Amino acid sequence: MLESITFRTFKSLKDVSVDLGRVNVFIGANGSGKSNLLEALGVLSAAADGKVDDQSLLARGVRPGVPALYKSAFPSNGGRIPPHLFFGAHGNDGAKYEASLHNPLKDPAPAWRFKTEVWEDSGTIYVGRSPAQRDKSDPERGLAALKLVEIESGASAELLKRLQNYVIFTPTTPVLRGISPDPQPKQPMGLSGGNLPTALGGLLKQRKTDERTKKILEDALELIDWAKSYDFTRSKRLALSPAAAASDFVVRFRDKFMQDGRNVLSGYDVSEGALYVLFLAVIAGSKGTPRLCAVDNADHGLNPRLARSLMNRFCEWQLMAEGERQVLLTTHNPLVLDGLPLQNGDVRLFTVCRTQSGSTSVRQVVVDDQLRAKGERGWTLSRLWTMGHLGGVPNV
């Protein structure tokens with residue numbers, strides 16, 4: 001499992017380190033750097049996989065950019081733009097992977113070049129690359145990805161594989177409904193929520209032999225309080241408008257308040273909140289979900305009270321999982337905070353803000369005696385955040 005991540009000179013992340021748990025929630029103003037943090041981990045993922053270019057970044061949900069936009073350019077640096085970017089991750093078993101990447105501002109290449117690369121485990125160095133070795137290997141190819149072929153198991157291999165498979169999910173309503181294609185299709189589900197019906201079908205099948213999956217599906221139905229049941233079926237079996245039948249399969253709901261025979265609804269017809277509940281259920285429950293992933297704007301389309309309950313259940317689902325799954329989430333919904341079981345050290349809340357110089361600062365919210373005392377007086381985390389006591393709010 002990733003114990004910590006460090007990024008330097010990437011966009012607004014001048015020098016940021018974060019100690020991670022299993023569920024990591026980042027709150028802050030728009031433009032504070034939350035998405036930059038998720039994308040920096042995406043760049044490290046591409047480096048661990050051996051290639052950092054537009055194609056490898058898009059496949060992970062990272063917005064590609066030219067070097068001039070990736071490299072921090074703060075006036076406090078005297079107008080000097082750093083020549084390279086640093087990305088690093090440390091595992092909880094002593095393993096670490098770090099890489100510094102470079103791409104000229106005036107004549108950028110399609111792929112970023114490795115200036116340094118280190119992959120080691122408790123003093124055993126598997127890859128140690130320095131600028132002095134630039135003529136001995138292709139600078140656009142990561143050496144750790146090649147070396148991994150020789151190392152079958154262990155903490156170092158686990159760390160690199162976890163990094164390589166990292167993706168950022170950013171669900172959108174048209175894709176979840178099945179009326180728009182997913183620009184980045186994946187298994188079990190595309191990065192925008194594509195293939196939700198069949199991914200849900202995989203969970204429904206999986207519940208027959210897995211109690212955790214069964215609980216996730218039961219919890220999801222409870223959260224969709226108007227639904228009697230849900231499953232998936234072929235589009236042609238439902239009465240759909242041609243505009244709504246863009247995918248072969250659709251999610252099917254039965255409304256418990258409507259008359260039988262007239263209560264069948266597709267994912268095209270229902271509220272988007274129901275689809276987002278199922279989306280997070282798939283993220284938490286599917287065995288095909290990467291063990292390290294992120295969800296940007298995890299509260300999108302959710303009523304505040306539903307967001308609170310869903311986040312509480314989602315944390316429970318994640319903590320029940322085998323194999324130490326890790327997820328990074330961003331949110332703007334205050335009620336999400338009230339659903340976080342922060343008494344569990346594996347669930348962590350971070351505030352993200354910009355300093356006076358403009359760089360991103362990340363601070364963990366620790367439940368100490370002072371915070372507990374406020375809670376006893378009725379101050380919820382959502383109230384503390386909106387009142388500005390936790391930080392991570394805009395100056396407007």
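This chain uses plain numbering: 1 for the first residue, then up along the sequence. Quick caveat, the model's predicted, so the values are computed rather than measured.
Side chain to side chain, Ser361 and Thr355 fail the donor-acceptor criterion of an N or O pair below 3.5 Å. Between the side chains of Thr124 and Asp121, no donor N or O sits under 3.5 Å from an acceptor N or O. With 3.5 Å as the limit, one finds no donor-acceptor pair spanning the side chains of Asp296 and Thr170. Counting only N and O atoms by type, the side chains of Thr116 and Arg129 include no donor and acceptor under 3.5 Å apart. Side chains of Asn312 and Ser309: a donor-acceptor N/O pair is absent below 3.5 angstrom, by distance only. A donor-acceptor contact closer than 3.5 angstrom is absent between the side chains of Ser72 and Thr9.
The pair Lys161-Glu158 does not meet the salt-bridge criterion, since no charged nitrogen lies less than 4.0 angstrom from a carboxylate oxygen. Comment: Asp219 engages Lys215 in a salt bridge, judged by a side-chain N to carboxylate O separation of less than 4.0 angstrom. One finds no salt bridge joining Arg207 and Glu218 here, because no Lys/Arg side-chain nitrogen approaches an Asp/Glu carboxylate oxygen to under 4.0 Å. Using a cutoff of 4.0 Å between basic side-chain nitrogens and carboxylate oxygens, Glu39 and Lys11 are scored as salt-bridged. A salt bridge links Lys51 with Glu140: the closest approach of a Lys/Arg side-chain nitrogen to an acidic carboxylate oxygen falls below 4.0 angstrom.
For the pair Ser156/Leu148, no side-chain contact is recorded, criterion being any heavy-atom separation below 4.5 Å from C-beta on. Taking 4.5 Å as the limit, every side-chain heavy atom of Val52 sits out of range of all side-chain heavy atoms of Arg113. Within the 4.5 Å cutoff, no side-chain heavy atoms of Leu85 are placed close to those of Val43. Counting only heavy atoms from C-beta outward, the side chains of Ser359 and Ser12 never approach each other to under 4.5 Å. Contact annotation: the side chain of Tyr97 never approaches that of Phe87 to less than 4.5 Å [non-hydrogen atoms, C-beta and beyond]. Looking only at side-chain heavy atoms (C-beta outward), Thr6 and Val16 stay at 4.5 Å or farther from each other. Between Leu163 and Leu44, the closest side-chain pair of non-hydrogen atoms falls below 4.5 Å. At a threshold of 4.5 Å between non-hydrogen side-chain atoms, the residues Phe249 and Thr233 do not count as touching.
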### Query
side-chain contact (heavy atoms from CB on, under 4.5 Å) between Arg254 and Asp231: does it pass, once the steps are laid out?
CA-CA 9 Å; Arg254 287 180 172 82; Asp231 58 6; 4.1 Å; yes

Q: Assess whether side-chain contact (heavy atoms from CB on, under 4.5 Å) is satisfied between Leu20 and Ile5, documenting all intermediate values.
A: CA-CA 8 Å; Leu20 297 176; Ile5 49 178; 4.1 Å; yes

Checklist line | Chi angles and distances behind the side-chain hydrogen bond (donor to acceptor under 3.5 Å, both in side chains) call for Asp53, Trp112 | finding: CA-CA 6 Å; Asp53 57 12; Trp112 287 70; over 6 Å; no

Determine, step by step, whether Arg63 and Ser35 satisfy the side-chain contact (heavy atoms from CB on, under 4.5 Å) criterion, reporting the C-alpha distance in whole Å, the side-chain angles of both residues, the deciding distance to 0.1 Å, and the verdict. CA-CA 10 Å; Arg63 298 164 294 181; Ser35 296; 4.0 Å; yes

Working for salt bridge (Lys or Arg N to Asp or Glu O under 4.0 Å), residues Asp338 and Arg383: CA-CA 9 Å; Asp338 295 340; Arg383 183 183 178 191; over 6 Å; no

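Of the possible donor and acceptor atoms, one in the side chain of Thr289 sits under 3.5 Å from a partner among the backbone N and O of Ile283. Panel note: side chain Arg177, backbone Gly267; a donor-acceptor pair is recorded below 3.5 Å. Proximity of a side-chain donor or acceptor of Lys256 to a complementary backbone N or O of Asp225 within less than 3.5 Å is detected. Not a single donor-acceptor pair under 3.5 Å links the side chain of Thr172 to the backbone N or O of Pro174. A donor-acceptor pair under 3.5 Å is formed between the side chain of Lys71 and the backbone N or O of Asn103. With hydrogens and angles disregarded, a donor-acceptor distance shorter than 3.5 Å links the side chain of Arg354 to the backbone of Gly31. Judged purely by atom type and a 3.5 angstrom limit, Arg22 uses its side chain to pair as donor or acceptor with the backbone of Gln318. His84 places no side-chain N or O within donor-acceptor distance of the main-chain N or O of Ser100, the cut-off being under 3.5 Å. Panel note: side chain Thr330, backbone Lys34; no donor-acceptor pair is recorded below 3.5 Å. Glu117 contributes no side-chain N or O that, together with a main-chain N or O of Ser130, makes up a donor-acceptor pair within less than 3.5 Å.
Annotation: Asp368, atom CG; neighbour count of heavy atoms from other residues, nucleotides and ligands within 6.0 Å is above 12. The local environment of CE in Met258 is crowded, with over 12 non-hydrogen atoms from other residues, nucleotides or ligands closer than 6.0 Å. For Lys374, the NZ atom sits in a packed shell: over 12 heavy atoms of surrounding residues, nucleotides or ligands are nearer than 6.0 Å. Heavy-atom neighbours of Gln259 CD from other residues, nucleotides or ligands within 6.0 Å: at or below the threshold of 12. The environment of CD in Gln364 is crowded: more than 12 heavy-atom neighbours from other residues, nucleotides or ligands sit within 6.0 Å.
The shortest heavy-atom contact between Asp19 and Arg348 is O-NH1, 3.1 Å. Taking every heavy atom of both residues into account, Phe350 and Asn24 meet most closely at CE1-OD1, 3.8 Å. The minimum heavy-atom distance between Ala89 and Leu159, with the atom names listed, is O-CD2, 4.0 Å. Listed here is the closest heavy atom pair of Phe253 and Ala227: CD2-CB, 4.5 Å.
Linking ILVMFWY side-chain heavy atoms closer than 4.5 Å, directly or via other members, places Val352 and Val327 in two distinct hydrophobic clusters. Each of Val175 and Val270 belongs to its own hydrophobic cluster when Ile, Leu, Val, Met, Phe, Trp and Tyr are linked at side-chain heavy-atom distances under 4.5 angstrom. Val250 and Trp226 fall into different hydrophobic clusters, where Ile, Leu, Val, Met, Phe, Trp and Tyr are joined by side-chain heavy atoms under 4.5 Å apart, directly or via other members. Using a 4.5 Å cut-off between side-chain heavy atoms of Ile, Leu, Val, Met, Phe, Trp and Tyr, with links allowed through other members, Leu176 and Val277 fall into the same hydrophobic cluster. Linking Ile, Leu, Val, Met, Phe, Trp and Tyr residues whenever their side-chain heavy atoms come within less than 4.5 Å leaves Leu319 and Leu292 in two separate clusters.
Between Trp119 and Tyr126, the gap from one ring centroid to the other is short of 6.0 Å. Ring centers of Phe86 and Phe7: at least 6.0 Å apart, outside the cut-off.
Annotation: the span from Leu204 atom CG to Lys214 atom NZ amounts to 13.0 Å, rounded to 0.5 Å. Atom CG of Leu328 sits about 4.5 Å away from atom CZ of Phe26, to the nearest 0.5 Å. Atom-to-atom distance recorded for Leu390:CG and Ile27:CD1 is 5.5 Å, nearest 0.5 angstrom.
Note on ring orientation: taking the six-membered ring where Trp is involved, the planes of Tyr276 and His300 are tilted (angle from 30° to 60°).
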Under 3.5 Å, which donor-acceptor pairs link side chains of residues 186-199 to any protein atom two or more places apart or in another chain?
residue : atom : partner : partner atom : Å
Lys186  : NZ   : Ala59   : O            : 3.1
Asn195  : OD1  : Thr198  : OG1          : 2.2
Asn195  : ND2  : Pro188  : O            : 3.2
Asn195  : ND2  : Thr198  : OG1          : 3.0
Thr198  : OG1  : Asn195  : O            : 3.3

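Other residues sharing a hydrophobic cluster with Val366 under the 4.5 Å side-chain heavy-atom criterion for ILVMFWY residues do not exist; the residue is a singleton.
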